[in-house]
Chemist: 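My questions all concern the structure below.
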Number of protein chains: 2
Amino acid sequence: MWRAYLRMQRAIEVALVRQLGETGISRTDFEVLVPLSEAKDRSLRVRDLASWTGWDRSRISHQLRRMEERGLITREDVADDARGTMVRLTDKGYEITVAAAPGQVETVRRVLVDLLDPAEIDQLTTIGERVATAAGYANLPYPDER
Amino acid sequence: MWRAYLRMQRAIEVALVRQLGETGISRTDFEVLVPLSEAKDRSLRVRDLASWTGWDRSRISHQLRRMEERGLITREDVADDARGTMVRLTDKGYEITVAAAPGQVETVRRVLVDLLDPAEIDQLTTIGERVATAAGYANLPYPDER
DNA sequence: GAGCTTTTGTTGACGCGTCAGCATCTTGGT
DNA sequence: ACCAAGATGCTGACGCGTCAACAAAAGCTC
């Protein structure tokens, strides 16, 4: 089972990366772009991006610096908290995101969901939630749900 | 299901890394050390290590350089093929490996296997193999099995 | 065997991720 | 008001992983 799990994991990861190949963004970029594209004003505080992605502040900061250099996002000060930084998606960043998103969803469907029958989808959901919960991973990586 | 899968994957990865924390080696090191520790003379060609791990030659080479600097392995020429390089586990490398291995196995058991009943283990195996196979990942990441 | 192709392994450059440390600001207790 | 404690974000250093390029040796074809 462990071997099967490892191969499945690698297969899915490779498929997702490959699909993103020609879009000009990486899987890591995508993790930041998606919450931004869905957020009000296409902008979020760095803090919220961190809890959304589950990354630490340092990683977020480095990632944002690189994305800012590429013109995907901008950074501005937060009005009511002088410590904070607002991250805003540029038009370019937004366009790239909406262009890339369907492909990622389609890939998950193609390499995973479509291969499973409804019972198996339930099984994988059950297993995944139990394993994550037992390890202390709450059901909610998203800010709104905390 | 997708969210559950992602959280499970992260939970397992974090648990494996954490368990390795005090052993002085990384999860990546471990992937190289295990096949070496099981191989005849505790040595393998770089080529075979590459197919075992599924990495490309460049990554293997960088990894081996760093592991050699830390005294975990040594490199020698291959007798019958002047292009090849034999990688040999040092005593230090072997001791670290056998010291760390049980903990990794135990972790997989604790965070995954022990949480599932026999039917679920079969389910995850079935799903994993189907997904990996459909994506073109043969059933065999190991040299002997190719 | 000359000449081309393939295999094998290494290297340098560069982006990524983690860690430790830092500066700044806010909050809570007194 | 003050001061310690916490929150927020950034940076530099360093190890890791990928990519392109390279060198050397086998293998293959004629």
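Chain naming here is simple, since letters A, B, ... match the order of the sequence lines and numbering starts at 1 in each.
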Chemist: Of all nucleotides in DNA chain D with an atom under 4.0 Å from a non-hydrogen atom of chain A, which is the first and which the last going 5' to 3'?
Modeler: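 Taking any atom under 4.0 Å from a heavy atom of chain A, the span is D:dG6 to D:dA13.
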
Chemist: Check the distance between C:dT18's P and B:Leu20's CG and give it to me in whole angstrom.
Modeler: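 Rounded to whole Å, this separation is 16 Å.
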
Chemist: Can you name the residues that form a salt bridge (charged side-chain N to carboxylate O under 4.0 Å, His left out) with B:Glu38, not counting sequence neighbours?
Modeler: none

Chemist: A:Tyr5: which residues meet the ring pair (Phe, Tyr, Trp, His ring centres under 6.0 Å) condition with it, sequence neighbours left out?
Modeler: A:Trp2

Chemist: Taking side-chain hydrogen bond (donor to acceptor under 3.5 Å, both in side chains) as the cut-off, I'd like each qualifying pair that reaches into residues 82-92 of chain A, sequence neighbours left out, listed once.
Modeler: A:Glu76-A:Arg88, A:Asp81-A:Arg83

Chemist: Indicate yes or no: at least one non-hydrogen side-chain atom of B:Arg45 is less than 4.5 angstrom from one of B:Met86.
Modeler: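 The answer is yes; the side chains approach within 4.5 Å.
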
Chemist: Which residues satisfy the salt bridge (charged side-chain N to carboxylate O under 4.0 Å, His left out) test with A:Glu13, sequence neighbours excluded?
Modeler: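 Scan of A:Glu13 (salt bridge (charged side-chain N to carboxylate O under 4.0 Å, His left out), adjacent residues dropped) gives A:Arg27.
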
Chemist: List, by chain and number, the other hydrophobic cluster members for B:Val105, where Ile, Leu, Val, Met, Phe, Trp and Tyr join if side-chain heavy atoms come within less than 4.5 Å, directly or indirectly.
Modeler: none

Chemist: For A:Arg110, what residues pass the salt bridge (charged side-chain N to carboxylate O under 4.0 Å, His left out) criterion, not counting sequence neighbours?
Modeler: A:Glu106

Chemist: List in chain and number order the residues that pass side-chain hydrogen bond (donor to acceptor under 3.5 Å, both in side chains) with B:Arg66, two or more places apart in sequence or in another chain; answer none if no residue qualifies.
Modeler: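 Testing B:Arg66 for side-chain hydrogen bond (donor to acceptor under 3.5 Å, both in side chains), a comparison that skips the adjacent residues, returns B:Gln63.
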
Chemist: Should side-chain heavy atoms under 4.5 Å link Ile, Leu, Val, Met, Phe, Trp and Tyr, which residues sit in the same cluster as B:Val17?
Modeler: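 B:Val17 clusters with nothing; isolated.
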
Chemist: What are the residues of residues 24-38 of chain B, sorted by number, that bring a heavy atom to within less than 4.0 Å of DNA chain C?
Modeler: none

Chemist: Taking salt bridge (charged side-chain N to carboxylate O under 4.0 Å, His left out) as the test, write out the residues that go with B:Asp56, two or more places apart.
Modeler: none

Chemist: Find which nucleotide of DNA chain C each of A:Arg70 and A:Asp80 is nearest to by heavy atoms, and output the residue with the more 5' nucleotide.
Modeler: A:Arg70

Chemist: With the sugar-phosphate defined as primed atoms, P, OP1 and OP2, and the base as all remaining atoms, what B/S/- string results for nucleotides 2-9 of chain C, 5' to 3', for protein heavy atoms under 4.0 Å?
Modeler: -----BBB

